[in-house]
Amino acid sequence: MEIARAAGDDAPVAAPSMDAREPLLREYLTALGSGELARLAEILAPEYRDFNPLPGQFPGRNGVILKAMAFRADHPDAHIDIESIEVTPAGARATWTTTARGLNGAEGVATWRFTGVFEIDPAKAQILSSDVIEMALVKAP
């Protein structure tokens with residue numbers, strides 16, 4: 001499949017691949033874990049919908065960026081390990097762990113496992129929404 005190209009340009013241009021969903025979600029979780037806010041802003045659609053907002057969180061991409069900033073400020077030692085990413089018709093489903101000191105009120109270092117579903121627009125290479133559907137304590141201090 002080809003997409004439109006400039007007149008006189010004979011080189012074929014491939015349409016964005018549906019297979020771009022998995023690397024895009026991997027990049028999102030990596031940026032979230034490392035606090036790369038500029039990269040998060042590129043990956044998230046402006047109208048991004050967070051189905052798990054904090055109380056009083058602004059809507060859209062900017063609200064999630066502020067949420068990520070607050071998380072990094074509270075947990076500068078946090079890191080994310082991706083366990084699995086499965087491409088779905090609407091986007092992808094991922095399972096990852098987050099480890100940090102004081103996570104969810106823990107006295108020491110705790111690890112939580114999350115599973116989320118993500119709506120992804122592969123043509124724009126942007127994540128449109130996310131919903132954490134499972135959360136479980138894996139390791140308590």
Side-chain angles (χ1 to χ4, degrees), residues 1-106 108-141:
M1 176 181 190
E2 291 183 20
I3 59 173
R5 56 183 183 254
D9 183 358
D10 294 332
V13 178
S17 169
M18 293 300 280
D19 296 335
R21 294 175 289 181
E22 187 271 339
L24 182 67
L25 186 51
R26 183 172 300 282
E27 193 170 346
Y28 164 76
L29 290 169
T30 300
L32 187 63
S34 64
E36 295 174 60
L37 303 178
R39 186 62 190 126
L40 285 176
E42 293 172 354
I43 294 170
L44 300 176
E47 68 280 2
Y48 178 84
R49 186 158 180 210
D50 183 354
F51 285 95
N52 312 105
L54 296 174
Q57 178 179 321
F58 293 121
R61 171 176 57 201
N62 292 338
V64 174
I65 299 297
L66 290 172
K67 180 179 175 180
M69 286 175 63
F71 177 78
R72 295 304 302 177
D74 287 345
H75 307 289
D77 65 326
H79 69 273
I80 290 176
D81 292 310
I82 301 168
E83 293 186 351
S84 67
I85 297 177
E86 172 190 347
V87 172
T88 65
R93 175 186 175 110
T95 299
W96 68 95
T97 58
T98 301
T99 302
R101 181 170 304 284
L103 195 59
N104 287 346
V109 175
T111 300
W112 286 77
R113 176 174 290 115
F114 300 90
T115 298
V117 291
F118 299 83
E119 183 182 5
I120 298 172
D121 182 342
K124 292 182 180 177
Q126 289 188 321
I127 299 175
L128 304 174
S129 69
S130 68
D131 188 5
V132 173
I133 57 172
E134 294 176 19
M135 180 174 131
L137 180 64
V138 175
K139 179 184 168 206

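Throughout, residue positions are numbered sequentially from 1 according to the sequence presented.
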Item checked: Nearest-0.5 Å distance, CG of residue Leu44 to CZ of residue Arg61 -> 7.0 Å
Checklist line | Nearest non-hydrogen partners of Leu37 and Ala68, listed with the distance | finding: CD2-CB, 3.8 Å
Note to self: Using every non-hydrogen atom in the two residues, find where Thr30 and Glu36 come nearest and quote the distance to one decimal.
What the structure shows: O-OE2, 4.4 Å
Check: What distance separates Tyr28 OH from Ile80 CD1, expressed to the nearest 0.5 Å?
Finding: 8.0 Å
Next item on the list: Check whether any side-chain N or O of Asn52 sits under 3.5 Å from a backbone N or O of Val132 as a donor-acceptor pair, and report yes or no.
Entry: yes
Margin query: I'd like to know whether CE of Met135 has more than 12 heavy-atom contacts from other residues, nucleotides or ligands below 6.0 angstrom.
Written below: yes
Notebook entry, point to check: Is there side-chain contact between Val87 and Asp19, with at least one heavy-atom pair below 4.5 Å?
Noted result: no
Item checked: Non-hydrogen atoms of Thr88 and Arg21 that approach each other most closely -> O-NH1, 2.6 Å
Check: When rounded to the nearest 0.5 angstrom, what is the spacing between CG in Leu40 and CD in Glu27?
Finding: 9.5 Å
Margin query: Check the orientation of Trp96 and Phe118. Use parallel for under 30°, tilted for 30 to 60°, and perpendicular for over 60°.
Written below: tilted
Next item on the list: Could you tell me the separation between the CD1 atom of Ile120 and the CG atom of Leu25, rounded to the nearest 0.5 Å?
Entry: 5.0 Å
Item checked: Among Leu103, Thr98, Val138, the one residue meeting side-chain contact (heavy atoms from CB on, under 4.5 Å) with Thr111 -> Val138
Next item on the list: Kindly give the heavy-atom pair with the smallest separation between Pro53 and Asp50, and that separation in Å.
Entry: CD-O, 3.3 Å
Next item on the list: For atom CZ of Phe51, decide whether the heavy atoms of other residues, nucleotides or ligands shown that lie under 6.0 angstrom number more than 12.
Entry: yes
Note to self: Within this structure, what is the CG-CD distance for the pair Leu24 and Glu42, rounded to the nearest 0.5 Å?
What the structure shows: 11.0 Å
Note to self: A side-chain contact here means heavy atoms from C-beta on lying under 4.5 Å apart; do His79 and Asp81 qualify?
What the structure shows: yes
Next item on the list: Give a yes or no answer on whether the side chain of Arg93 reaches the backbone of Glu86 with a donor-acceptor pair at less than 3.5 Å.
Entry: no
Checklist line | Minimum-distance pair of heavy atoms, taken over all atoms of Glu47 and Leu128 | finding: OE2-CD2, 3.9 Å
Checklist line | Side-chain heavy atoms of Gln57 within contact of Val64, under 4.5 Å | finding: yes
Margin query: Please find the pair of heavy atoms, one from His75 and one from Arg101, that lie closest to each other, and give the distance.
Written below: ND1-O, 3.0 Å
Next item on the list: Please check if the side chain of Arg72 supplies one atom and the backbone of Gly33 the other of a donor-acceptor pair under 3.5 Å.
Entry: yes
Margin query: Just verifying a value: how many Å separate Gln126 CD and Ile43 CD1, rounded to the nearest 0.5 Å?
Written below: 9.5 Å
Notebook entry, point to check: With a 4.5 Å limit on heavy-atom distance, are the side chains of Thr95 and Arg113 in contact?
Noted result: yes
